[in-house]
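Before any comments, here is the structure.
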Amino acid sequence: MSTNAGIEQELNINVEDMDIVYERPDTLTDTRMHYCPGCSHGVVHRILMEVVQELGIQDKTIGVAPVGCSVFAYSYLDIDMQEAAHGRASAAATGIKRVLPDRIVFSYQGDGDLAAIGTAETIHTANRGEKILVVFINNAIYGMTGGQMAPTTLDGMKTSTSPFGRNPDHVGHPLKITDLIAMLPGAYYVTRVAVNNPRNVRVAKKAITKSIQYQMDGKGLCFVEVVSNCPSGWKMTPVEANKWLEENMFPIYPLGDLKVPSDDK
Amino acid sequence: MKKKVQGTVVIKADRCKGCSFCVDFCPTGALQLSDQYNAKGYRIPELFEPEKCTGCDLCGLYCPDFAIHGYIIKKVA
Amino acid sequence: MSEILLMKGNEALAEAALRAGCQGYFGYPITPQSEVLEYLSQHGEERRMTVLQAESELAAINMIYGAAGAGARVMTSSSSPGISLMQEGLSYIACAELPCLLVNINRGGPGLGTIQPSQGDYFQAVKGGGHGDYKLLVLAPATVQEMADMVFEGFDLADKYRNPVMILADGALGQMMEKVSFRDYDPSKRIEHPWATTGKNGREERNIITSLHIKSEQMEKINQHLQKKYCEMQEHEVRFQEVQTEDAEYLLVAYGLCARIAHKTVQLAREKGIKAGLLRPISLFPFPTNEIHKLAKKVNSVLTVEMNAGQMYEDVRLAVNGQVPVEFYGRMGGIIPSPEEVLERLEKMVAPQSVKMKEETV
């Protein structure tokens with residue numbers, strides 16, 4: 001087990017002689033996250049809160065957590081938070097933003113929450129052009145309830161409720177809700193990112209920074225889909241999961257901007 | 001005896017969940033999973049070849065659980 | 001008090017909301033309450049109220065969740081099928097203890113039912129309605145004037161108890177025109193809400209609005225806290241009206257529109273020499289249990305009159321607790337009983353060959 005003291009002893013150097021490269025932002029609490037090993041939620045929480053710290057908006061940011069694995073997001077994000085009913089996070093975020101228009105408001109939702117039970121709320125929030133950020137974690141499975149089929153589950157993908165693989169004749173093809181959102185006039189900036197490697201993490205962070213800046217400028221809805229893993233639900237090691245994600249998720253959910261503000265083109 | 005290294009890592013074993021992303025992403029292959037397990041039963045990484053560590057902190061920048069932090073060593077003896 | 005106006009119940013209610021400093025209204029059109037949304041869409045913006053037509057009642061109630069959680073004074077309104085859709089959100093709001101006002105302009109059910117007035121949502125309103133052990137504070141107006149008054153009162157009660165308050169009216173009260181005047185009210189005197197999620201804004205601790213308490217011990221504590229609150233409401237917030245109960249031998253119990261009919265029945269009965277009286281519960285939760293219990297000691301029997309199959313009837317029976325017979329007369333499906341038919345029922349109770357009317361009507 002290594003500690004600072006251990007390192008000092010082992011390497012025979014003083015901590016004063018070392019510069020830490022990166023530390024946990026103050027906008028995250030010290031609470032240990034409950035997520036499974038290798039889960040993307042931890043990384044997305046971190047970049048979201050890094051952006052909040054860097055833009056100096058901790059005091060005026062209000063987040064809305066969904067029902068799903070990130071139901072406890074408010075335990076980790078050191079900002080004012082609400083925990084909404086399943087699928088209704090964007091409606092709750094609408095309520096907040098409409099009565100406090102000068103605050104920065106975001107909802108953080110998974111695929112079941114946003115693209116199944118909350119589809120109507122998601123589409124209409126986008127169509128109204130609510131000036132909020134929607135962070136959409138798409139890992140093609142219901143993680144919290146134990147690995148059931150999601151609206152975004154890939155064709156042929158095995159889950160506990162599609163044990164023989166998702167059959168499109170029976171339940172349809174995966175719902176590309178981000179593509180739908182991009183078609184709506186109210187959506188201002190729509191992009192699809194991933195956090196499967198350090199390079200993509202940087203791209204994802206840039207997308208979130210941009211989205212919040214747009215919101216600060218009073219622009220419309222920003223929608224960031226994060227193509228994510230679920231090592232436990234997919235029954236893989238974290239490293240295998242990230243590899244599987246690249247090989248199987250990216251062809252269906254290709255990364256990149258789906259809608260860029262016209263003045264930014 | 002002082003080793004000639006530019007960087008190093010501090011591993012907070014109690015936070016680690018053994019996902020091994022740090023090992024996977026380490027560009028110089030300085031990390032590996034150790035034989036040790038933490039109290040929760042997760043296999044933790046170790047700086048297996050310290051001289052290879054450049055302090056780039058890709059591990060720390062990625063770790064979902066803030067269990068590993070990269071350091072740049074200012075004075076190398 | 002300001003000037004006397006002639007207004008529809010729904011419009012009086014909407015005007016009262018504006019005067020009460022309501023900051024946000026989120027709703028969805030449904031007959032017979034759409035005038036609330038229409039009136040506020042017309043007048044909200046100029047009077048600094050955010051008015052938004054949501055895509056569904058599900059969305060509307062969750063917008064209320066968000067906005068109430070952010071500390072704003074907010075309300076929604078709907079009618080029976082729409083209120084059913086809101087039950088999920090209401091359960092969350094009750095658990096997260098968010099003050100808000102909601103209005104049910106009750107229409108006939110079940111199902112899509114009819115757009116005519118009904119009291120068929122009594123159980124849903126007073127017993128919780130959604131999942132889990134919770135209560136709304138429910139006020140039942142009987143006049144357009146009360147439709148307006150209860151808005152001011154409802155907002156204040158919601159803040160006082162951090163609890164959703166429902167005004168339970170019906171399609172007739174919503175649609176009828178009567179004279180109304182609005183009280184002087186200063187919304188700036190609203191009590192503080194330091195728990196709201198407004199952004200940390202220098203606060204050391206972040207505010208969290210949630211209804212999730214995964215540890216059983218914690219969840220039980222939350223439940224005990226809520227139950228304690230409901231007991232306090234029962235102790236302090238019971239509202240009722242008595243009409244000629246001093247010498248009554250027969251007690252009628254009715255609320256809302258039915259209370260007006262029963263009031264007339266009392267007059268007709270007295271003309272015929274039957275000493276009838278009326279107790280009108282104004283707050284349906286908390287229910288005037290003790291008052292009915294006391295009155296039951298003095299009368300021969302009790303008649304509950306409702307526009308449903310006998311819902312408040314059960315609470316009246318619990319209140320009377322077997323002291324005297326409790327009978328029921330009701331019409332359903334949007335039919336409003338006439339004072340004469342209620343009198344006919346009452347006369348059967350007075351006559352020795354009393355029959356079980358509940359069996360007859362159901």
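We name chains A, B, ... by the order of the sequence lines, and we start the count at 1 in each one.
Taking chain A as the reference chain and counting heavy-atom pairs below 4.5 Å, the highest number among C:Ile214, C:Asn62, C:Leu212 is found for C:Asn62. Heavy-atom pairs under 4.5 Å with chain A were tallied for C:Val74, C:Thr210, C:Ile64; the largest tally goes to C:Thr210. Heavy-atom pairs under 4.5 Å with chain C were tallied for A:Asp78, A:Thr94, A:Val105, A:Val99; the largest tally goes to A:Asp78.
Salt bridge C:Glu97/C:Arg162: absent, no basic N to carboxylate O contact under 4.0 Å. Checked for salt-bridge contact, C:Glu15 and C:Arg47 meet the test: a charged N lies under 4.0 Å from a carboxylate O. A salt bridge links A:Glu54 and A:Lys205; the closest N-O separation between the charged side-chain nitrogens and carboxylate oxygens is under 4.0 Å. Between C:Asp159 and C:Lys189 no salt bridge is recorded (no basic side-chain N to carboxylate O distance below 4.0 Å).
In this structure, chain C has a heavy atom under 4.5 Å from the side chain of A:Arg103, while its backbone stays farther away. Of the atoms belonging to C:Leu58, heavy atoms from both backbone and side chain fall under 4.5 Å from chain A. Contacts of C:Ile61 with chain A are absent, with no heavy-atom separation under 4.5 Å from either backbone or side chain. When heavy atoms are compared at a cutoff of 4.5 Å, C:Ala196 approaches chain A solely by way of its backbone atoms N, CA, C and O. When heavy atoms are compared at a cutoff of 4.5 Å, A:Ile123 does not approach chain C at all. With a 4.5 Å cut-off on non-hydrogen atoms, C:Thr198 touches chain A through its backbone and its side chain both. Only the backbone of A:Ile79 comes within contact range of chain C, with at least one heavy atom under 4.5 Å from a heavy atom of that chain. Neither the backbone nor the side chain of A:Ser90 comes within less than 4.5 Å of any heavy atom in chain C. Using a 4.5 Å cut-off between heavy atoms, A:Ala85 touches chain C through backbone and side chain atoms alike. For a residue to count as touching a neighbouring chain, one of its non-hydrogen atoms must lie under 4.5 Å from one of that chain's; by this rule C:Tyr65 touches chain A with backbone and side chain alike.
Using cut-offs of 30° and 60° on the angle between ring planes, the pair A:His45 and A:Tyr76 is tilted. Between A:Tyr188 and A:Tyr214, the angle of the ring planes goes over 60°, which puts this pair in the perpendicular group of the 30/60° scheme. Taking the six-membered ring where tryptophan is involved, the planes of A:His86 and A:Tyr142 are perpendicular, since the angle between them exceeds 60° and thus also 30°.
Taking the six-membered ring for Trp and the full ring otherwise, A:His41 and A:Phe72 have centroids separated by 6.0 Å or more.
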